[in-house]
Amino acid sequence: MKKVLPEEKKIETKKGHKIFIIKDFCKSCRICVRFCPTQTLGLGEDLKVEVINPDKCIGCQLCEILCPDFAIAVERKKREDG
């Protein structure tokens with residue numbers, strides 16, 4: 001039997017952070033939306049989380065930490081040494 005993996009959407013911000021969303025995991029609880037300090041996230045027409053203001057993301061990872069469904073992951077831009 002072939003395993004089907006959930007589809008993952010990746011958004012890269014101008015600041016270099018990457019936001020990964022697995023809509024199939026989202027239960028529309030809105031925790032991520034309520035606690036996002038920059039209003040980067042919102043709910044789409046399907047009532048699933050989506051990135052509505054990607055350039056406001058500061059890479060704090062609060063959405064990832066608070067999501068009870070593991071639907072969001074944030075990869076912060078790596079600092080350049082110099």
Side-chain angles (χ1 to χ4, degrees):
M1 179 179 260
K2 183 179 176 182
K3 287 187 177 183
V4 178
L5 298 175
E7 184 179 334
E8 181 178 79
K9 186 174 183 182
K10 178 178 107 175
I11 294 93
E12 188 164 349
T13 70
K14 285 184 180 178
K15 295 175 186 171
H17 306 304
K18 294 175 186 160
I19 305 168
F20 302 88
I21 296 177
I22 303 174
K23 286 195 171 204
D24 288 344
F25 289 4
C26 178
K27 303 289 189 298
S28 306
C29 70
R30 297 186 173 118
I31 291 172
C32 58
V33 175
R34 289 185 195 132
F35 286 95
C36 179
T38 59
Q39 298 175 334
T40 297
L41 302 173
L43 294 185
E45 289 183 16
D46 59 357
L47 298 179
K48 303 288 185 172
V49 65
E50 63 181 45
V51 179
I52 58 171
N53 294 307
D55 298 328
K56 289 186 172 186
C57 180
I58 57 174
C60 69
Q61 299 175 308
L62 199 54
C63 56
E64 178 179 351
I65 293 165
L66 295 175
C67 180
D69 302 313
F70 305 103
I72 304 173
V74 178
E75 184 179 298
R76 297 182 75 180
K77 179 184 177 186
K78 292 184 170 79
R79 291 186 354 172
E80 295 176 14
D81 294 333

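All heavy atoms count here, side chains included; hydrogens, waters and symmetry mates do not. All values derive from a computational prediction rather than experimental measurement.
- Nearest approach of Pro37 to Leu62, heavy atoms of both residues: CD-CD2, 4.3 Å.
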Q | Derivation of the side-chain contact (heavy atoms from CB on, under 4.5 Å) call for Asn53 and Thr38 | A | CA-CA 9 Å; Asn53 294 307; Thr38 59; over 6 Å; no
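- In this view, Glu75 and Lys18 satisfy the salt bridge (Lys or Arg N to Asp or Glu O under 4.0 Å) rule, not counting sequence neighbours.
- Applying the side chain to side chain contact (heavy atoms under 4.5 Å, CB included) rule to Glu64 yields the partners Gln61, Ala73, Val74; only residues at least two apart in sequence or on another chain are considered.
- In this structure, Gln39 places its CD atom where only 12 or fewer heavy-atom neighbours from other residues, nucleotides or ligands lie under 6.0 Å away.
- Proximity of Ile52 to Leu41: side-chain heavy atoms (C-beta onward) are nowhere separated by under 4.5 Å.
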Q: Kindly determine whether Thr40 and Ile19 satisfy side-chain contact (heavy atoms from CB on, under 4.5 Å), including the steps that lead there.
A: CA-CA 10 Å; Thr40 297; Ile19 305 168; 4.3 Å; yes
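- The NZ atom of Lys10 lies 13.5 Å from the CD1 atom of Ile21; values are rounded to the nearest 0.5 Å.
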Check residues 27-35 and write down every donor-acceptor pair under 3.5 Å in which the side-chain atom is one partner and the other belongs to a residue at least two apart or another chain.
| unit_1 | atom_1 | unit_2 | atom_2 | d |
| --- | --- | --- | --- | --- |
| Lys27 | NZ | Phe25 | O | 3.3 |
| Ser28 | OG | Leu47 | O | 2.3 |

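- Atom CD1 of Ile11 is separated from atom SG of Cys57 by 10.0 Å, given to the nearest 0.5 angstrom.
- Here the SG-CD1 distance, from Cys67 to Ile72, works out to 5.0 Å after rounding to the nearest 0.5 Å.
- By the side chain to side chain contact (heavy atoms under 4.5 Å, CB included) test, Asp46 is found to be paired with Lys23, Lys48, residues two or more places apart in sequence or in another chain being considered.
- Of the possible donor and acceptor atoms, one in the side chain of His17 sits under 3.5 Å from a partner among the backbone N and O of Lys77.
- Residue Ile65 shares its hydrophobic cluster (ILVMFWY side chains chained together at separations under 4.5 Å) with no other residue.
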